[in-house]
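A short write-up of the structure that comes next.
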Amino acid sequence: MSTMGNAHEHDDIIFGTDGWRAVIADGFTFANVRRVAEAIGVAAQTMFAPPEIDRERLVVGYDRRFLSPDFAQEVALVLSRAGFHVHLSDHPTPSQTISFAAAGRKILGGVVITASHNPASYNGIKFKGWYGGSALPGMYAAIAENLGKRFERGGGSIVETDLLAEYVEALRARVDVEMLRSAKLRILHDPIHGVAAGIPSRVLGLDEVESRLRSAGSSGMTHVTTIRGESNPSFGGVNPEPIPENLAASREAMRRGEFDLAICNDGDADRLGILDERGEFVSPHKILALLALYLVRDRGESGEIVKTFSTGRLIERVASRLGVTCHETPVGFKHVADLMLSRPILIGGEESGGIGFGTFIPERDGILSGLLVAEFVARSGRPLSKLVAEMERELGSSAYDRRDLYRSRQACERLVERARAGELDSAFGLRLDQREDTDGVKLNFDDGSWILFRISGTEPLIRIYCESASEARVESILETAVLELDRVAS
């Protein structure tokens, strides 16, 4: 999970934008998991919730990582001793399932054992609120403040339960299942050994439909082929993040010409990566924009749009064309979720592939967003690459990339200071239009290009983001930024 942004720290346990994560058997130990669970048990006693919310109940889930079921069991035990009645998932399940269960069952919140897209050596803990989304900053602050405290009142319980079935049914209500099943799409699903394995087929009911058709000697319907679907705590040697460098297996399968698109998910299934029919990666910025157009123009839905500070401006042009409000928040989906709780948000997203829908739950959902992309392809009858090309012809092209660079904290801070002070204004050969410091420092140029510098809150790491009209221009700007970083680091 991301650890950027303001961090809440207590000794060796640091809460980032969406929880705590650490290396298994190093920082992420049973002792520390108990400490965090105890702090959650204390903090939850005073967390705000509406009167209709059952404050005595919490839900606990986990992913497929090494020892995740055992860590989840430990969390459930601690919370039950604190007096909570715990709904413990009976098998690994997506993080958004825990959010959905908290909202649907009207209970105080939930805990997920997951390190999301991080390397296999990591695990982590996320807290989800009663409203069905990631914990707000104040919630993590309260948990951090209560580390080292324990509250045991007894009277709690643990019940193992199927959390996935009700989530799957809710997805079926959001997707045009019948149209998708009959569209004869060939979908490749790559969960990268994560918890999304098998869920798209289950949502579409394809296994049972295919069984009936085979018995009747019929065929001719959508088919989902899953690769890397088996449980593998090492994730096959790659990070379970659906970005190009981790999708060699799905790109190879796509380039054989046997599929119409690939839906790829991260380890806990809240993020999305998409490959078009040629096996080309379609950036999350374009997917966010494409889905906004589809929901409004084709499905007739309405509402506002929200993007994070590091997300490309293509979605802003979409909002302008659609005549809807587009909000911008600091980096981190919790800020998107917060706005979804107070505004009529149709869709919101971040640059890392997290997309959520205000009409569902205020949470990233890599499975729902992937199925909606497939639905758009099916409804249009055109290849995904053509849908993207049509959008860019109408609204302008967009290229985007990011560099994550480990340097000393001093070097990272010096580069940001230089950007803030105007010392880099002329470094990129472009005319500066505006400087912003919503979250990091962003230099906006008059040709529409921009570059953003953000320092990690927990690591000696700077993230440099860039968008421009062409990949060559993006590469040039980023190369210059790296040179400037190396200059202050030397």
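All of these numbers come straight from a predicted model, not from anything done at the bench. Positions are given from 1 along the sequence.
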Salt-bridge criterion met for D18 and K334 (N-O under 4.0 Å): no

Please list, chain by chain and in numerical order, all residues satisfying salt bridge (charged side-chain N to carboxylate O under 4.0 Å, His left out) with D404, sequence neighbours excluded. R402, R463

E390 atom CD: more than 12 heavy-atom contacts under 6.0 Å: yes

With F28, the ring pair (Phe, Tyr, Trp, His ring centres under 6.0 Å) member among F66, F71, Y122: F71

Could you tell me which residues satisfy salt bridge (charged side-chain N to carboxylate O under 4.0 Å, His left out) with R393, sequence neighbours excluded, listed by chain and number? none

Salt-bridge present (R35, E38; N to O < 4.0 Å): no

Quick one: do R297 and E394 make a salt bridge, cutoff under 4.0 Å? yes

Heavy-atom nearest pair, S89 first then L163, reads CB-CD1, 3.5 Å

Between OG1 of T114 and CZ of R64, what distance do you get to the nearest 0.5 Å? 12.5 Å

Strictly by side-chain hydrogen bond (donor to acceptor under 3.5 Å, both in side chains), give each pair with a member in residues 298-309 just once, sequence neighbours left out. R299-E301, R299-E375, E304-H327, E304-R343, K307-E316, K307-E328, T308-T311

Counterpart residues, side chain to side chain donor-acceptor pair (under 3.5 Å), relative to R251 (two or more places apart): none

Suppose the criterion is salt bridge (Lys or Arg N to Asp or Glu O under 4.0 Å): which pairs have a residue in residues 235-246, not counting sequence neighbours? E241-R271

Ring-ring centroid check W20 Y140, cutoff 6.0 Å: no

Could you tell me whether the side chains of N265 and H189 share a donor-acceptor contact shorter than 3.5 Å? yes

Suppose we screen for side chain to side chain donor-acceptor pair (under 3.5 Å). Which residues come up paired with T225, at least two apart in sequence or across chains? H223

Under 4.0 Å between a side-chain nitrogen and a carboxylate oxygen: does that hold for D266 and R364? no

Between L395 and L293, is the side chain to side chain contact (heavy atoms under 4.5 Å, CB included) condition met? List the steps. CA-CA 11 Å; L395 298 164; L293 288 171; 4.1 Å; yes

From CA spacing to verdict: side chain to side chain contact (heavy atoms under 4.5 Å, CB included), I274, I263: CA-CA 5 Å; I274 291 287; I263 299 171; 4.1 Å; yes

Taking atom CD of E258 as the centre, report whether more than 12 heavy atoms of other residues, nucleotides or ligands fall under 6.0 Å from it. yes

Identified salt bridge (Lys or Arg N to Asp or Glu O under 4.0 Å) counterpart of E392 within the set K286, K386, R317: K286

Excluding sequence neighbours, so at least two apart, what forms ring-ring contact (aromatic ring centres under 6.0 Å, His included) with F84? none

Give the intermediate values and the outcome of side chain to side chain contact (heavy atoms under 4.5 Å, CB included) for residues V112 and D63. CA-CA 8 Å; V112 192; D63 65 9; 6.0 Å; no

With H91 via side chain to side chain donor-acceptor pair (under 3.5 Å) - residues at least two apart: none

Testing the 3.5 Å rule here: is there a donor-acceptor pair between the side chains of T222 and K184? no

Closest contact, heavy atoms only, P191 versus R228: CG-O, 3.4 Å

Is the side chain of W130 donor-acceptor paired with the backbone N or O of F48 at a distance under 3.5 Å, no angle test? yes

Those residues at least two apart in sequence (or on a different chain) that pass side chain to side chain donor-acceptor pair (under 3.5 Å) with H285 are none

Does D162 have any salt bridge (charged side-chain N to carboxylate O under 4.0 Å, His left out) partners at least two apart in sequence or in another chain, and if so, which? none

Just checking, is any N or O donor in the side chain of S310 or E350 under 3.5 Å from an acceptor N or O on the other one? no

Identify, with sequence neighbours excluded, every residue that meets salt bridge (charged side-chain N to carboxylate O under 4.0 Å, His left out) alongside D365. none

If you look only at pairs with a residue in residues 355-384, which of them pass as a ring pair (Phe, Tyr, Trp, His ring centres under 6.0 Å), with sequence neighbours excluded? F100-F360, Y294-F376

